[in-house]
Amino acid sequence: MSTDNTKLSLTTRIFIGMCAGILIGVLLQVANYLIGDLDFNIFSMTFSTYGFFVDGIFHAGGKIFVNALKMLVVPLVFVSLICGTSSLSDPSKLGRLGGKSIALYMFTTFVAVIVAMTSALIFKPGEGFNPPTETSEFVATESPGFVQVIIDMVPSNPISAMAEGQMIPIIVFAILFGISLTYAGEAGKRMAASFNDLNEVIMKIVTIVMNFAPYGVFCLLAKLSATVDSGAIFAIFNYFINVLFILILHAVIVYPLLLKITTGLNPANLLFKMREVAMFAFSSASSSATLPLTMATARQKLGVSRSVASFTLPLGATINMDGTAIMQGIATVFIAQVYNVDLSTVDLLMVVMTATLASVGTAGVPGVGLILLALVLQQVNLPVEGIALIIGIDRLLDMTRTVVNVTGDSTIATIVAKTEGELDEDMYNDRTLAHKKSVIE
């Protein structure tokens, strides 16, 4: 069967859905203002034009898509975490190499969330945004104290935690479960293989859901455009610029600074040789899809040994999602500002903790960041429906986030290789290698 090369990419279809939704919503709002609401009959039933589309079709379509995202949160996080932690099956790699890699990945994610939230708190991209009427009355419930948060991290009933969507207890249980599989011998290997198969199935579900994203985006943006004032456009633009700025800052300042401090290497060489990887990551919006090119570049251009690259980079594709963490941090503060919810210090710490831990369970495929954002919002009692405010432009940011993620993967791999004596520094410093043809051709 021939491949249809004319088929539009998901990015293009989401962009079309976003533009069409905004256009239709604005037209409905303008028409309602100029000529008022019009009634029409279907099967002897009377409907208003505005109500039929805005409160009917667009509302239902948007809610169904949001529910589909929420539906995937628990199984995706639980299974992905188990697969990620159980993949550390080699006892020698569970020691210094594994600990060093995980510590560095988690550190950069922690820094990413802190910087992102600080930026959002300073620049306040959500101020002045009036949400739709039915959600503007949202009132946050009282958050538990910090001590109770620590206690609740360990679930007394993990099944109950899954049923109630309590994500931090689920994350803790999944990590313990995954680690236990590595020590359970043959039984653990058999069960880990089953979870890997289950993870593949869940990824297919994610793909199916994301294929409906253009329609979900259309409905969400159409209703949003028909019900919010013009100030919303400016606020969403502020959010976009805020996220994009922090993503670029993290890639060109935080990673190079960490590399320079820990190894003394010239960070410009890494950024220069990562150009091809960055372009592929941007176009695919998938860390996992970019992994073969990332590994080949690390070995053949950066001088990272095969043993370090084969362990550190796949691990990074699983647990290093700094770009996603940046989006989650800014988006959470943005949505809180939109709904006029003051986040307490405990709430902010919860966002940092949840976004950092959730990055471990974020699969390197397009669109998963939105699903993980849902759990971050739930942890601080913010409406998941707030995702509708940013979903239309998220695909554009998703591609940039992937570039940040793969840059972080290669940076950490280089640091680990250098500190373990597994880096060919002559190859790393040879910029002529960056001009070779693609390493995967």
Heavy-atom closest contact ([X] atom, [Y] atom, distance):
X: Pro267; Y: Leu259; answer: CA-CD2, 3.8 Å
X: Ala251; Y: Val404; answer: CB-CG2, 4.2 Å
X: Met274; Y: Thr407; answer: CE-CA, 4.0 Å

side-chain contact (heavy atoms from CB on, under 4.5 Å) partner of Val416, the single match among Leu104, Thr411, Leu423, Thr262: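 For Val416, the side-chain contact (heavy atoms from CB on, under 4.5 Å) test succeeds with only one of Leu104, Thr411, Leu423, Thr262, which is Leu104.
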Using the side chain to side chain donor-acceptor pair (under 3.5 Å) criterion, which residues pair with [X]? Sequence neighbours excluded.
X: Thr108; answer: Asp322
X: Asn266; answer: none
X: Lys260; answer: none
X: Ser119; answer: Asn242

Side-chain touch [X]/[Y], heavy atoms, less than 4.5 angstrom:
X: Ile170; Y: Pro155; result: no
X: Pro256; Y: Leu271; result: yes
X: Leu265; Y: Leu270; result: no
X: His250; Y: Ile326; result: yes
X: Val333; Y: Met117; result: yes
X: Val341; Y: Leu382; result: yes
X: Ile16; Y: Pro214; result: no
X: Phe177; Y: Phe195; result: yes

Applying salt bridge (charged side-chain N to carboxylate O under 4.0 Å, His left out) as the test, list every pair that has at least one member in residues 190-212; sequence neighbours left out.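 Found none.
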Is it true that a side-chain atom of Asn196 and a backbone atom of Ala192 form a donor plus acceptor pair closer than 3.5 Å?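 Pair found, side chain donor or acceptor close to backbone of Ala192.
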Is the side chain of Lys273 donor-acceptor paired with the backbone N or O of Tyr428 at a distance under 3.5 Å, no angle test?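 At least one qualifying donor-acceptor pair exists.
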Verify whether the ring centers belonging to Phe334 and Phe123 lie closer than 6.0 Å.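 No, ring centres 6.0 Å or more apart.
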Are side-chain N/O atoms of Asn405 and Thr402 paired as donor and acceptor at under 3.5 Å?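 Note: Asn405 and Thr402 side chains miss the donor-acceptor criterion.
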Looking at residues at least two apart in the chain, or sitting in another chain, which of them share a ring-ring contact (aromatic ring centres under 6.0 Å, His included) with Tyr105?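 Partners of Tyr105 under the ring-ring contact (aromatic ring centres under 6.0 Å, His included) test: none.
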